[in-house]
There are 2 protein chains.
Amino acid sequence: MKRIELLDTTLRDGAQAEGISFSVRDKLAIVETLDDLGIPLIEAGNPGSNPKDIAFFEAVRGLRLKQAQVAAFGATCRPKLAPADDPQVQSLLCAGTATVVIFGKSWRLHVTEVLRTTLEENVRMIRDTVAFFTGQGKRVIYDAEHFFDGWKADASYALRTVAAAAEAGASAICLCETNGGCFPEEVAQATGEVLAKVGGRSAVGVHAHNDGGLGVANSLAAVRAGATHLQGTLAGFGERCGNANLATILANLQLKMGYECIPEERLPTLTAAVRRVAEIANIVLADDMPYVGRKAFAHKAGMHMDGVRKCAHSFEHVAPERVGNERRFLMSEVAGRSAVLERIRALAPAMDKSDPAVDAVVKRLKHLENEGYQFEGADGSFELLIRKTLGTYRPLFALERFRIIGEHPASETTGAAAMIKVSVDGADEVTAAEGNGPVDALNHCLRKALERFYPGLSGVHLTDYKVRVLDGNAGSAAKVRVLMETTDGRMVWSTTGVSTDIIEASWIALVDSLEFKLIHDREQAAEASGRHDKIEQ
Amino acid sequence: MKRIELLDTTLRDGAQAEGISFSVRDKLAIVETLDDLGIPLIEAGNPGSNPKDIAFFEAVRGLRLKQAQVAAFGATCRPKLAPADDPQVQSLLCAGTATVVIFGKSWRLHVTEVLRTTLEENVRMIRDTVAFFTGQGKRVIYDAEHFFDGWKADASYALRTVAAAAEAGASAICLCETNGGCFPEEVAQATGEVLAKVGGRSAVGVHAHNDGGLGVANSLAAVRAGATHLQGTLAGFGERCGNANLATILANLQLKMGYECIPEERLPTLTAAVRRVAEIANIVLADDMPYVGRKAFAHKAGMHMDGVRKCAHSFEHVAPERVGNERRFLMSEVAGRSAVLERIRALAPAMDKSDPAVDAVVKRLKHLENEGYQFEGADGSFELLIRKTLGTYRPLFALERFRIIGEHPASETTGAAAMIKVSVDGADEVTAAEGNGPVDALNHCLRKALERFYPGLSGVHLTDYKVRVLDGNAGSAAKVRVLMETTDGRMVWSTTGVSTDIIEASWIALVDSLEFKLIHDREQAAEASGRHDKIEQ
């Protein structure tokens with residue numbers, strides 16, 4: 001199988017996305033996630049650029065990685081300086097990595113207008129810096145910044161810059177589509193020209209961005225033209241419209257184009273790895289992300305569901321389990337009885353399709369949808385609905401009463417607060433909490449009251465909270481639907497509540513959210529002890 | 001200039017996205033937005049499929065569109081039925097549209113396994129249905145569902161199905177990449193083969209999806225192969241990973257590839273149009289969406305900002321204003337000063353563009369936008385912002401304090417209530433009200449308190465109330481933006497508020513709403529008495 005070497009730059013280019021700021025601990029967790037998935041090269045920042053990066057490179061040496069190499073990233077030496085005399089170049093050595101990524105200029109405009117040096121001097125800087133690092137025994141990947149724009153403006157100069165890096169011993173030349181606005185045809189043609197020029201000496205790769213919506217297409221076009229190295233970020237994070245999405249690229253290459261990027265047996269962990277990176281970055285992953293998004297294999301149209309049931313690949317380009325994702329039949333008013341049966345069987349595999357419980361669930365679903373509920377985005381609440389209708393549900397706590405208070409203008413001593421009284425197996429708990437508004441106060445208050453009985457709740461937190469006003473023209477008395485997404489770091493589940501009172505709608509979703517977690521914990525514990533028994537026998 | 005005909009299917013395929021559910025009013029607002037942008041064809045659902053769609057087609061005939069045509073969408077007749085005898089076919093006529101889009105099968109698998117009929121009969125259904133509608137004087141666009149998968153499985157059969165539609169008089173044959181997993185090379189090759197076969201009779205188009213992250217690339221590949229018709233959704237909404245993103249496609253085609261899709265002068269309204277569609281759908285638009293996302297021209301890396309300042313296209317593939325977006329330096333933002341000046345002059349026509357008040361408004365606007373405000377859909381609040389900054393605003397009441405209380409379970413005597421103390425010209429009013437939840441209670445309470453001083457408020461009521469969670473992953477402590485629409489039966493105005501506390505955000509929007517009304521009433525009275533004076537003189 002032909003191999004494509006992937007370099008993930010979530011820690012460097014990805015960190016330039018608005019809203020992303022990684023701690024050293026975050027960075028280490030991402031390195032472990034990428035290593036585990038099988039990504040061979042992980043690019044991190046410049047150890048000379050800030051103290052956080054110095055601490056990171058120290059800490060990363062202590063990780064036991066399975067296969068990945070971490071590479072430091074920096075610029076060529078500055079004009080009129082020898083690499084050995086440039087502190088930025090020297091600091092790259094401190095990272096102590098076997099591989100360094102060096103970027104330099106290929107576009108005349110950038111050399112003369114941004115760097116403000118001569119074309120000749122720029123080539124000297126590239127050649128000397130690459131030679132400096134190969135002389136230190138490092139493997140050098142040379143990133144040709146703005147290569148494609150430079151090639152369009154002056155192909156012969158752009159090619160000269162990468163030839164200099166190749167001649168100085170760079171093991172790979174990576175052509176960067178820095179501004180993200182080129183087309184696949186251009187990428188393919190330029191990649192071919194570079195291969196013809198330096199292909200005998202160095203591998204050739206491409207680093208694409210998504211400003212034209214073509215990050216994936218440009219990366220694949222490069223591979224078709226002969227590139228064997230690709231850079232991107234696993235979840236597509238990056239400045240402006242993001243870097244090329246490595247998860248999409250590797251799934252396309254490996255499932256459909258006959259290339260190997262990561263070990264075949266790691267492919268089913270792809271979805272979990274992308275979600276973990278998003279979780280660490282504290283970014284809500286796009287639901288519609290190819291292959292790994294929550295909606296990527298979600299079917300809503302009745303005709304599509306029917307087709308998938310008859311023959312899965314009639315409406316699915318790949319089987320979701322190959323990338324560790326799952327098929328979802330959205331429980332909407334258009335969904336039929338058989339979709340409901342399928343969901344029931346996930347909990348009660350022996351359920352007969354003529355069992356009256358199936359009709360009871362369908363009836364309850366229709367009733368709630370008339371009330372304004374929508375379960376297509378609330379798997380957790382739908383599962384609880386099934387459990388409640390089947391009679392396998394036992395409430396894990398009873399609410400006696402809650403009260404919320406809000407005051408405006410808020411001061412240190414006033415503001416939003418919630419009081420609650422719950423009981424668990426006859427034991428009462430009364431407590432209170434403050435918050436950013438009454439919903440937040442109530443959320444904190446309920447968790448606080450229950451953690452005494454269920455310490456497992458301490459790792460649980462909301463990752464998304466949405467409000468949809470259902471009948472806008474009823475004004476402030478309109479019905480609202482609240483949608484919550486919760487995680488315990490392992491599972492992600494979503495729950496919903498509907499009411500004319502936003503506090504009550506939030507409460508309903510919140511209770512479902514915590515009950516879902518507690519029920520799953522209990523079942524897992526039962527299963528684990530069941531296995532334990534067997535071993536003892 | 002070469003023309004590409006665009007068809008937007010937000011109302012049909014887009015509505016199959018998880019989480020989207022359009023009211024008739026929403027659909028009409030989307031039609032107006034697309035018409036305004038210059039999209040020539042708008043596909044809506046099947047008028048026979050549900051009562052909401054029947055009401056929509058009735059209402060849409062009442063709209064005065066500038067240029068767009070609305071098209072009804074439906075399937076070919078069923079096996080063994082003549083089109084005239086098939087109620088689904090008949091119902092399409094009821095829509096009363098000049099253009100109908102008819103979809104049929106091209107993939108053997110779907111004919112025999114999903115439709116469960118013969119290959120011959122399927123071709124008959126296509127031919128007869130297209131002929132039926134052309135016989136009724138309709139323009140027919142034929143959608144060849146799963147064309148590319150069908151072509152890969154049995155090219156000769158797939159080509160036969162589209163040839164039947166072309167021979168029966170379809171004005172365009174649209175090849176659908178229904179499962180979204182094909183590559184640009186495949187799309188280009190198949191499109192070329194279809195053009196060779198039916199190009200003399202019909203235009204050829206492509207309808208792409210994004211399951212492989214290639215929706216845009218596949219659409220552009222089709223154009224390069226000769227296609228002149230493209231389908232997609234303006235914001236990329238659609239089942240699973242979405243439809244091909246029409247905004248990205250049209251910007252690429254029109255700014256870089258030399259095609260015309262919409263009138264050139266409408267291109268700078270692209271960003272606003274996409275955001276409006278997302279707002280109507282109540283979907284948070286991806287910040288990193290090419291061309292139109294909030295981050296699409298946001299620069300974070302210091303080196304990039306420096307480069308852009310020296311020479312904008314050093315780090316931007318196109319100028320943001322060409323698509324109506326704006327460049328953002330994430331540390332220090334730059335404003336759309338002339339747009340603001342225009343709004344100020346609506347209130348103060350003599351305002352000089354160098355007046356310091358203009359800068360003051362721009363500064364205040366940028367500050368509030370950073371806080372999460374968005375004034376695109378809140379003209380009333382923006383007008384108040386200008387009045388406040390210009391110093392022409394005088395508060396019409398002062399809030400001393402309000403308090404809201406909610407209780408659950410609610411009973412006849414408990415539930416949501418609000419208490420308030422306001423003063424108007426030194427006179428205090430203390431009152432209370434109940435409501436459906438605390439926001440509704442507060443709304444009633446404030447009106448009740450003010451009506452004593454301003455009886456004109458009695459005819460005022462909310463017509464829309466929307467809540468948007470801004471940073472979902474902060475869970476219940478997330479910031480929310482409330483958008484209210486109010487009417488007095490004559491004017492309609494919209495106001496907004498932002499806070500981490502939904503009660504407070506609603507309060508801010510509510511106060512703006514009532515103040516807007518009172519200020520306009522006062523000015524109208526002053527104007528009327530001025531005119532009156534004149535008449536008396």
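Chain letters run A, B, ... following the sequence lines, proteins first, then strands; residues in each count from 1. All values below were derived from every heavy atom in this structure, side-chain atoms included, with hydrogens, water molecules and symmetry-related copies excluded.
- For B/Leu220, the part lying under 4.5 angstrom from a heavy atom of chain A is the side chain only.
- For the options A/Met289, A/His146, A/Glu485, heavy-atom pairs under 4.5 Å to chain B are most numerous at A/His146.
- Between A/His299 and B/Arg240 the shortest side-chain heavy-atom distance falls below 4.5 Å.
- The choice from B/Met419, B/Glu316, B/Glu185, B/His209 that makes the most heavy-atom pairs within less than 4.5 Å of chain A is B/Glu185.
- In this structure a side-chain-to-backbone donor-acceptor pair under 3.5 Å is present from A/Lys256 to B/Gly181.
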Legend entry - Candidate pair A/Glu407 and B/Arg403, rule salt bridge (charged side-chain N to carboxylate O under 4.0 Å, His left out), full reasoning: CA-CA 4 Å; A/Glu407 200 157 281; B/Arg403 184 175 290 182; 2.3 Å; yes
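- Counting heavy atoms from C-beta on, the side chains of B/Ile404 and A/Ile404 come closer than 4.5 Å.
- Side-chain atoms of A/Lys295 come within 3.5 Å of backbone N or O of B/Glu18 as a donor-acceptor pair.
- A/Ala15 touches chain B through its backbone: at least one of N, CA, C or O sits under 4.5 Å from a heavy atom, while the side chain does not.
- With A/Phe183 as the aromatic partner, B/Arg224 meets the cation-pi criteria of under 6.0 angstrom to the ring centre and within 45 degrees of the ring axis.
- For B/Gln16, the parts sitting under 4.5 Å from any heavy atom of chain A are the backbone and the side chain alike.
- If you look at B/His110 and A/Phe315, their ring centroids are closer than 6.0 Å.
- Ranked by heavy-atom pairs under 4.5 Å with chain B, the first of A/Asn436, A/Thr486, A/Val482, A/Ile405 is A/Asn436.
- Heavy-atom distances place the side chain of A/Arg116, and not its backbone, under 4.5 Å from chain B.
- The parts of A/Ser314 that come within reach of chain B are both its backbone and its side chain, each placing non-hydrogen atoms under 4.5 angstrom from that chain.
- Highest contact tally toward chain B, considering only A/Cys311, A/Pro438, A/Ala505, A/Gly180, is held by A/Pro438 [criterion: heavy-atom pairs under 4.5 Å].
- Looking at B/Asp13, there are no atoms closer than 4.5 Å to chain A (heavy atoms on both sides), in backbone or side chain.
- The shortest heavy-atom contact between B/Cys241 and A/Pro290 is SG-CA, 3.6 Å.
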Inset, instruction - Could you check A/Lys300 against B/Glu239 for side chain to side chain contact (heavy atoms under 4.5 Å, CB included), going step by step and ending with a plain yes or no? - result: CA-CA 7 Å; A/Lys300 181 168 164 185; B/Glu239 194 153 40; 3.6 Å; yes
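- For the options B/Asp211, B/Ile249, B/Asp288, heavy-atom pairs under 4.5 Å to chain A are most numerous at B/Asp211.
- Summarising the geometry, atom OG1 belonging to B/Thr178 is positioned 13.0 Å from atom NE2 belonging to A/His317; distances are rounded to the nearest 0.5 Å.
- Residues B/Leu109 and A/His313 meet the side-chain proximity criterion, which asks for heavy atoms closer than 4.5 Å.
- With chain A as partner, the option from B/Ala217, B/Ala296, B/Ala418 having the largest number of non-hydrogen pairs under 4.5 angstrom is B/Ala296.
- Contacts of B/Ile503 with chain A are made by side-chain atoms alone, with heavy-atom separations under 4.5 Å and no backbone atom involved.
- Within the 4.5 angstrom heavy-atom criterion, only side-chain atoms of B/Glu145, from C-beta onward, approach chain A.
- In this structure, the portion of A/Leu399 lying under 4.5 Å from any heavy atom of chain B is its side chain and not its backbone.
- Among A/Asn210, A/Val318, A/Val216, the residue with the largest count of heavy-atom pairs under 4.5 Å with chain B is A/Val216.
- The part of A/Met257 that comes within reach of chain B is its side chain, from C-beta onward, which places non-hydrogen atoms under 4.5 angstrom from that chain.
- Counting heavy atoms from C-beta on, the side chains of B/Ile502 and A/Ile502 come closer than 4.5 Å.
- Put simply, of B/Tyr291, B/Phe402, B/Trp107, the one with the most heavy-atom pairs under 4.5 Å next to chain A is B/Phe402.
- Note: A/Trp507 and B/His408 have tilted aromatic rings, judged against thresholds of 30 and 60 degrees for the angle between ring planes.
- When heavy atoms are compared at a cutoff of 4.5 Å, B/Ala286 does not approach chain A at all.
- Between A/Asn252 and B/Leu214, some side-chain heavy-atom pair lies under the 4.5 Å cut-off.
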